[in-house]
Visitor: 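A single structure is presented below for examination.
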2 protein chains.
Amino acid sequence: MTTTGTGEEPLSIGEVAERTGLSVHTLRFYEREGLLVGPVRRTSGGRRRYTAVDVDWLLICVKLRESGMPLSDLKRFAELVRQGPGNEAERLRLLDAHRQRVDTQIQALEECRSVIAWKVGVYAEHLARGEAGGLWDPRA
Amino acid sequence: MTTTGTGEEPLSIGEVAERTGLSVHTLRFYEREGLLVGPVRRTSGGRRRYTAVDVDWLLICVKLRESGMPLSDLKRFAELVRQGPGNEAERLRLLDAHRQRVDTQIQALEECRSVIAWKVGVYAEHLARGEAGGLWDPRA
DNA sequence: CTACGATCTAGAGCGAGGTCTAGATCAAGT
DNA sequence: ACTTGATCTAGACCTCGCTCTAGATCGTAG
């Protein structure tokens, strides 16, 4: 699953940026912040070489961020993984709490959507009844 | 719909804060930023008195913000309403564009949720199979 | 009249999450 | 060797959306 692309050759930061949708700046920033699971390998010349594992982790980060997980939680999660086996229960708690937040967020958004859709309907109907609609405005 | 409460008596900023969930600071901030549809009435002594219309507008603002509309768009929308009838088409465009963004966002969140749920499942299963699980870790 | 809490204005401060700059180095093409 | 473009580091800077402070005033309950 989560195939990263070209088999096994490590990728440059630019290539990873393309594949993850993060900017190279952000990739370096995330690394500095300790959001990665391990230190990224380097070439003899000092350039970063990302492995498929690195990229898979980043893709998960993207999903977690996209769904609103704060960097601090992401960092905590990365720390747990870095520590190795033994703390799976905590990792689970962290993820599950986030999942619940996402569910809540989806519900909230759906409510927003219906309010907005209703207002859109009001305007659409108004316009359909003719631009010339005289007595209208009721503050909305 | 959107009954605001006590019939018709204007409300103080504190009462509006309670009813909208915004802080009094934020209410003043929104006003300064031109996010309200009209200038808020004042008592002789200079205190704000919000009408039911003001509060209804604020409740809509809350929904739009909650669903991620930037303050700049909210401001634009307020300006359009302030200008009065004649620009309904633009109001509609603005709202409808936002509705689409909300839909996209919901879809994205649902995808995130399923990725997260999958990972939660992986951990849960691992833990169920016994804490003592020896060979495990695969970087996640 | 006195207290006390709520409100007022103007403006500073803050936390999150990047984003960009400068100046140097690396690596590949010609 | 030279040019070009990608990367490197450290650190400054930016936007967004509030949030808070100071110091004054209002208004209601004793």
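The chains referred to below are lettered A, B, ... by the order of the sequence lines, with proteins before strands, and numbering in each begins at 1.
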Visitor: Taking NZ, NE, NH1 and NH2 as the nitrogens, is one of them in A/E9 or A/R49 under 4.0 Å from a carboxylate oxygen of the other?
Guide: no

Visitor: Rounding to an integer number of Å, can you tell me how far A/M69 CE sits from C/dG17 C1'?
Guide: 16 Å

Visitor: Find out if a path of hydrophobic residues (ILVMFWY) with successive side-chain heavy-atom gaps under 4.5 Å connects B/L27 to B/L74.
Guide: yes

Visitor: Report the residue (A/G46 or A/T26) whose heavy-atom-nearest nucleotide on DNA chain C is the more 5′ of the two.
Guide: A/T26

Visitor: Nearest heavy atom decides the nucleotide; on that basis, is B/P70 or B/T43 closer to the 5' end of DNA chain D?
Guide: B/P70

Visitor: Choosing from D/dT7, D/dG27, C/dG17, which nucleotide comes nearest the side chain of A/L71?
Guide: C/dG17

Visitor: Nearest-Å distance, CZ (B/F29) to C1' (C/dG13)?
Guide: 13 Å

Visitor: Whole Å only: how far is the OH atom of A/Y50 from the P atom of D/dA6?
Guide: 16 Å

Visitor: Ignoring hydrogens and angles, does a donor from either the side chain of A/R32 or the base of C/dG18 sit under 3.5 Å from an acceptor on the other?
Guide: no

Visitor: Using atom OH of B/Y30 as one end and atom P of D/dG17 as the other, report the distance to the nearest whole Å.
Guide: 8 Å

Visitor: Find out if a path of hydrophobic residues (ILVMFWY) with successive side-chain heavy-atom gaps under 4.5 Å connects A/Y50 to A/V62.
Guide: yes

Visitor: Using a cut-off of 4.0 Å on non-hydrogen atoms, how would the nucleic acid contact of A/S12 be classed: base, sugar-phosphate, or nothing?
Guide: sugar-phosphate

Visitor: So if you build clusters from Ile, Leu, Val, Met, Phe, Trp, Tyr with side-chain heavy-atom gaps below 4.5 Å, do B/W57 and B/L59 land together?
Guide: yes

Visitor: Hey, does B/R28 reach any base, or is it just sugar-phosphate, or nothing, if we go heavy atoms under 4.0 Å?
Guide: base

Visitor: Ignoring hydrogens and angles, does a donor from either the side chain of A/R42 or the base of D/dT7 sit under 3.5 Å from an acceptor on the other?
Guide: no

Visitor: Nearest-Å distance, CZ (B/R47) to C1' (C/dT7)?
Guide: 4 Å

Visitor: For A/R41 and D/dC8, give me the distance from atom CZ to atom P, rounded to whole Å.
Guide: 16 Å

Visitor: Please determine which of B/L71, B/L35, B/T26 meets the side-chain contact (heavy atoms from CB on, under 4.5 Å) test together with B/R65.
Guide: B/L71

Visitor: Rounding to an integer number of Å, can you tell me how far A/R48 CZ sits from C/dC26 P?
Guide: 15 Å

Visitor: Between A/H25 (NE2) and D/dT9 (C1'), how many Å, whole number?
Guide: 13 Å

